[in-house]
Amino acid sequence: MDQPNILVVDDEGDFLETLMKRLQRRNIPALGCSSGEEALQLIRTSPFDVVVLDIKMPGGMDGIQTLKEIKKVRPETEVILLTGHASIETGMEGMQSGAYDYLLKPILLENLLEKMAQALERRGGAAQRAQSERIRSLLPKG
Amino acid sequence: MDKHLYSRLQTKIILLTLAVSFTPLLLLGVMIYRQFAAMYVEKIREQIHFRAESRADAVDLFLAERTAILGAIADTHSLAEMAREETLASCLAIMNARAGAFVDLGVIDQHGTQLAYVGPYDLAGKNYYEQPWFGQVMSRGVHISDVYLGFRRLPHFIIAVRRQEGQRNWVLRATIDPELFGRIVQVGQIGKTGDAFVVNREGILQTQPRHSGNILEPSPVRPTLFGKQTMTVDGALLGRPGVLYAGTWLKSADWLLVVSGDVEEDLAQLFSARTIQTLIIVGGMLAIVLTTIFTTRTLVRQMIQAETRLREMDAQLIQTDKLAALGKMAAGVAHEINNPLAVILQKTGWMRDLLEEEDLRDSPNFREFRDAVLKVEEHVERARKVVHDMLGYARRMEPRAEAIEVNRIIDQTVDILKNYARNNSIDIRTELDPALPPTTGDGAQIQQVILNLVNNAIDAIGRNGLIVIRSEHAGDAIRISVADNGPGIPEHLQRKVFDPFFTTKNTGKGTGLGLWISYTIIEKMGGTMTLQSKPGEGTTFTITLPIVPPPPQ
């Protein structure tokens, strides 16, 4: 598998674990971690094209803080926020802080993939566009 | 609702209104009637007073004229001449030609013997010395007698004059036609019930009265009650209540001329007037009663309606309080529910992934597994929606005031829902006014409202349709409309769509809070939200937000 260029950050173990399994099954090179601090460390080490970030992580840094830090370190990273709180305000705050988009939990994988594909496309490069195409091909037509 | 209380209130209002309106009406009616009656009595009193006076004058004139003519005949003839029947007859003829009403004429010497007589009765040679009038005329010279029967045994009265011829006195006596005299008196009768008659000093009738009694019988009138001047006496004093008597003493005879008026009988005419008056009053009362009952009933009905409305509003308020509490609680647990739901959805997704594998596809229970997974997902979605709507409610607090650009909010909202719409073959089109001014409001809440409207539109269309979102600058306001070409809302439901918990969606799909929340959000921002819908053509929701220019930064 390619070097993972997608990072999923969520403190809910079961969610993260299952989501990772489903992405792997679709051959999407993703890496998972369970806290903002961990994510930042990973990002500092190597760049990711897309970060899927849960906003509410009671343990440590929350999603918005993490997002701001990511944007400081690697501003080109596209961040998709996830929130269990169906609140548009936090979503908006995230958008204002530079997030690409946000999704309300519970999410359908198809919606997440669609957003990932869009984010990758926006990243630009040829590799990213190819990956975006591939992800789109996984989605049901229509 | 206490029906009994209302019916008692209604009765009270009706009675009070009736009392208040009837009392003056009745008082007025009675007063008018009394005044009218008093005036009428006064009128009758005046009338009979005047009549008695004028009749007395006429009767006096009648008697004086006849006395004068009799005196003139006596003065111009000697006893010798008068004792001849031919002369006497020609004198009677002259007297009747000049004055009339003379029945007979007799000449009587100073011893009371009738020397000559002309007239219908056989009275020649009769002696009148014992008759009371003879003494009177011998002593006074002129005398008008009371009515008496005399030798002829018929009621009559006479006028007698004495003539002194040297040492001898003689008397010329004439009988006055009592019927003619009576008729002259009776001219004084007023109306259908009034009477006019003459009584002597003892109250004996001298003429035939109209109603009760006969000539020479005692009348109810007591002449002692009447003074020199014309006087009116209430019949109550004479045992004839309701009758007024006016009396005038005659100058030429010792007689009282009486004119009476039956007030009660005369008032009968007034009674007929009173009947009309009474009818009008009764009609008026009836109108008042009906109006009072009608207005009171309307009033009470309106009160009952108002109370019912108030109770409904109370109930709604209580409901709202309950919802507020519910919403807060929901906000607290929503996150905790959404996270497990997210896990469940990933797990079921994973199960679906695994079910794609061939060995599992061949399993006899493959279909059962797949259906079960789909059902789980369906119910996760259902739970998610409930939580989402409740959160929407919980967040419906005071709107924030921030600078917002409505067009951007619409664009963002469309972005959020584009995929969902596309999945259902629904096109979302925007027609945004580029010159829309910025305003102040709660962007998140406006977005929630638009999200809600578009979401509803998508649900309403189902599949294959078009949603158009427009924004325009309308005077002092920004108008946002969300139009769909879905099936529309039936007219009878259009008023209800903004009610809390009203939903046409299937159980579990909608909580019925969405539009209510949207409506109250817009209302709190000072805007309005309306809907136009035609069944079969689609629905348009229109939001009007007042423009509040954001403060310069």
Side-chain angles (χ1 to χ4, degrees), chain A residues 8 10-28 32 52 54-58 62-63 81-96 99-115 117-118 136 138-142, chain B residues 330-354 356-357 377 380-381 383-392 394-395 400 402 404 408-409 412-413 415-416 418-420 422-425 442-452 463:
Chain A
V8 181
D10 198 304
D11 65 335
E12 181 69 54
D14 281 340
F15 178 80
L16 183 67
E17 181 202 342
T18 316
L19 184 60
M20 294 315 293
K21 272 199 275 187
R22 296 185 75 192
L23 291 175
Q24 271 161 29
R25 191 183 167 83
R26 286 165 176 77
N27 283 324
I28 296 167
V52 178
D54 190 16
I55 288 183
K56 201 162 184 194
M57 291 182 290
D62 74 2
L81 293 171
L82 297 182
T83 171
H85 216 294
S87 140
I88 290 165
E89 287 99 324
T90 42
M92 297 271 282
E93 197 187 343
M95 305 286 279
Q96 275 160 6
Y100 172 65
D101 207 342
Y102 74 97
L103 287 170
L104 301 182
K105 270 188 179 179
I107 50 160
L108 288 170
L109 185 65
E110 289 74 24
N111 291 352
L112 180 63
L113 292 181
E114 169 78 34
K115 279 276 176 300
Q118 285 172 7
R136 283 230 165 95
L138 295 172
L139 295 172
K141 294 284 170 286
Chain B
V333 297
H335 181 253
E336 303 309 320
I337 290 172
N338 270 343
N339 271 327
L341 286 181
V343 176
I344 292 168
L345 208 57
Q346 287 319 309
K347 291 290 180 195
T348 54
W350 179 235
M351 282 158 85
R352 268 197 293 135
D353 287 351
L354 294 179
E356 299 292 315
E357 283 178 13
E377 286 186 342
V380 166
E381 171 60 14
R384 186 197 67 80
K385 217 165 162 47
V386 170
V387 172
H388 178 87
D389 284 356
M390 281 186 170
L391 275 176
R395 259 196 318 282
R400 291 208 315 246
E402 59 193 5
I404 50 169
R408 253 188 59 184
I409 294 174
Q412 283 173 357
T413 314
D415 269 351
I416 292 170
K418 224 164 33 192
N419 281 331
Y420 179 40
R422 200 187 301 136
N423 287 343
N424 291 299
S425 309
D442 190 323
Q445 289 200 348
I446 292 174
Q447 180 158 43
Q448 195 191 336
V449 171
I450 298 170
L451 206 65
N452 200 346
R463 288 192 75 80

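Below, chains carry the letters A, B, ... as their sequence lines are ordered, and counting in each starts from 1.
Under 4.0 Å is where a charged nitrogen must lie from a carboxylate oxygen, and between B:E357 and A:R25 at least one such pair does.
Looking only at heavy-atom pairs under 4.5 Å with chain B, the residue among A:L108, A:N111, A:T18, A:L82 that has the most is A:T18. Of the residues considered (A:E110, A:E114, A:E12), A:E114 shows the highest number of contacts with chain B, using heavy-atom pairs under 4.5 Å. Options A:L19, A:I107, A:L103 differ in how many heavy-atom pairs under 4.5 Å they form with chain B, and the most are formed by A:I107.
When every heavy atom of A:K105 is checked against every heavy atom of B:A342, the shortest pair comes out as CD-CB, 3.8 Å.
Of the residues listed (B:I344, B:L345, B:N339, B:V343), the one engaging A:P106 in a side-chain contact (heavy atoms from CB on, under 4.5 Å) is B:L345, and it is the only one.
Atoms NZ and NZ, on B:K347 and A:K21 in that order, are 5.0 Å from each other to the nearest 0.5 Å. Taken to the nearest 0.5 Å, the CG atom of A:L109 stands 8.5 Å off from the CZ atom of B:R352.
Heavy atoms closer than 4.5 Å to chain B are found nowhere in A:L16, neither backbone nor side chain.
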B:D353 vs A:R26, side-chain contact (heavy atoms from CB on, under 4.5 Å): CA-CA, chis, key distance, verdict:
CA-CA 9 Å; B:D353 287 351; A:R26 286 165 176 77; 2.7 Å; yes

